[in-house]
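Per chain, numbering begins at 1; letters A, B, ... match sequence-line order.
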Protein chains: 2
Amino acid sequence: MTARTDPAVERRTPLSRDRVLRAAVELSDREGIDALSMRRLGQELGVEAMSLYNHVAGKEDLLDGMVDVVVGEVDPPSDAGPWQAAVRARILSARRTMLRHPWASAVIVGRRQASPVVMGYMDSMAGILLRGGFSVDLLHHGFHALGSRVLGFSQELFDDSSDLAAGDEMQAVMLQQLAAAYPNITAIVQQVQHDEASVVGSGCDDQAEFEFALDLQLDGLERLRAAEAAR
Amino acid sequence: MTARTDPAVERRTPLSRDRVLRAAVELSDREGIDALSMRRLGQELGVEAMSLYNHVAGKEDLLDGMVDVVVGEVDPPSDAGPWQAAVRARILSARRTMLRHPWASAVIVGRRQASPVVMGYMDSMAGILLRGGFSVDLLHHGFHALGSRVLGFSQELFDDSSDLAAGDEMQAVMLQQLAAAYPNITAIVQQVQHDEASVVGSGCDDQAEFEFALDLQLDGLERLRAAEAAR
DNA sequence: AAGTTAGTACGTACGGTGTAAGCCTGTCAA
DNA sequence: TTGACAGGCTTACACCGTACGTACTAACTT
């Protein structure tokens, strides 16, 4: 069974926590988080499932480690410039990371406790705000207000990427039915489709929407910070 | 095995989609979403797991139905008053609902597509904004900015409810270690603990934080709306 | 050189999951 | 009375995470 035809040559590169985590991230990127099982991951590494338990404590620990790998990919903060620019740049870097690993946001919100790596990320982000003149109190509020946005994702309630991927006629009929049930939302859909009729790809510009929401928050926080400083 | 000692009397009240969904919600409220399996739910209803499949298409459909039940519990919108008050009241009602069903937010964000009930909820919310003078475009942006907040929950990255539930001495030691690793975040924790030294319960006031973030968003949107109207 | 020990991979097994397929029975219309 | 049928039950399957015991390997000790 084992491939040790020539033990000196066909030596299997040994497992390690790092190799396990990387393989898990790579598998999830490629086939989605649902495809990630201990057996499947072992198979991916040419190893039995139980061997993985020598390097991760269990599936929970595996997921924790994967989150750390992903969060570790986010650019470190830059200390120069006003706080808004630094926060903005870092959050947008985080967003790019999350887009590379679409499963990550769901896994992150599913963790019970933030890992040291995530805590470190948060702390450095907090540092930017404090150096930018935030009171501890406002910093605290600000973190709550930003929510998961600090990690580069916003919570979308519906997946508008593939909302209406039918033919034009079909789409018109469906739209009419939709309009009867949800007149207001249909107005949005029609507007978006009209605006981007020339642009390739249906649906709205997620990147622009993310930045809009982010800037709305940052502006609001800056206003509060300035008011606090004036007092 | 079956309890049909007297078929005319011991008749089991028949299943129905509604009864299945209600039992699922009730079980999840009581023992958490992880306790919800088809077998366990059947057991709860005095029925075999496979019998449930006569009323729900599968577990996914079950979860969809449960979301509908929960969203259906949110108060309908009030048409009176300014848009901000109406939106605020509805979102806070949604939040109360989500607090009653702690599993719901995770399930909602896990759904692939919004169900008709959720769509209806969104649509009525959109209606409030449109009647409040929003352009379709700004409405669209606003929904993205609010994110999951429209459904009454914000995405918390860490669970600060039971963060530090150890003894005082232990806590002091841990805090010191924490301070070395995460100086900025520790500042927040200490401030919160100091502020609420007299108040029962550790951690911050989640309700206040939610409202802070919500109002920050609503104020920002109102500012944009007014600017748009002036143009 | 021989013996010991620690680490790591393997194999098996257990109890859980969702659900496909077929059976059995009570209810009701013709 | 008969037939259809809806809605329950039973069995079975493929998968999951992981506890446990075994066996091989490499390094260190004597």
Tell me: [atom1] of [X] to [atom2] of [N], nearest whole Å?
| X | N | atom1 | atom2 | value |
| --- | --- | --- | --- | --- |
| A:Met50 | C:dG7 | CE | C1' | 15 Å |
| A:Leu63 | D:dG17 | CG | C1' | 12 Å |
| B:Asp34 | C:dT17 | CG | C1' | 12 Å |
| A:Asn54 | D:dC20 | CG | P | 15 Å |
| B:Met38 | D:dA14 | CE | P | 21 Å |
| A:Leu52 | D:dT18 | CG | P | 11 Å |
| A:Leu45 | C:dT8 | CG | P | 15 Å |
| B:Glu60 | C:dT19 | CD | C1' | 13 Å |

Decide, yes or no, whether a salt bridge links B:Arg100 with B:Glu73 under the criterion of side-chain N to carboxylate O below 4.0 Å.
->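 Salt bridge present between B:Arg100 and B:Glu73.
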Please determine if A:Arg40 and A:Glu44 form a salt bridge, counting it only when a charged side-chain N lies under 4.0 Å from a carboxylate O.
->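 Salt bridge flag = yes for A:Glu44 with A:Arg40.
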Within 45° cone of A:Phe210 ring axis and under 6.0 Å: A:Arg95 NZ or CZ |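 Geometry flag: set, cation within 6.0 Å and 45°.
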Nearest-nucleotide pick for A:Lys59, side chain only, options being C:dC10, C:dG18, D:dT18 |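 Per side-chain heavy atoms of A:Lys59, the pick is D:dT18.
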Could you check which of D:dG8, C:dA9, C:dG11 has an atom nearest any side-chain atom of A:Glu48?
->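 The answer is C:dG11.
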Does a donor on one side chain and an acceptor on the other come within less than 3.5 Å for B:Ser115 and B:Asp68?
->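 B:Ser115 vs B:Asp68: donor-acceptor pair found between side chains.
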So does A:Ser51 get a side-chain nitrogen or oxygen closer than 4.0 Å to the phosphate oxygens (OP1/OP2) of C:dT8?
->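 So the side-chain polar atoms of A:Ser51 never come under 4.0 Å of the phosphate oxygens OP1 or OP2 of C:dT8.
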Does A:Arg39 or A:Ala49 map to a spot on DNA chain C nearer the 5' end, using the closest nucleotide for each?
->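 Looking at the nearest nucleotide for each, A:Ala49 comes out on the 5' side.
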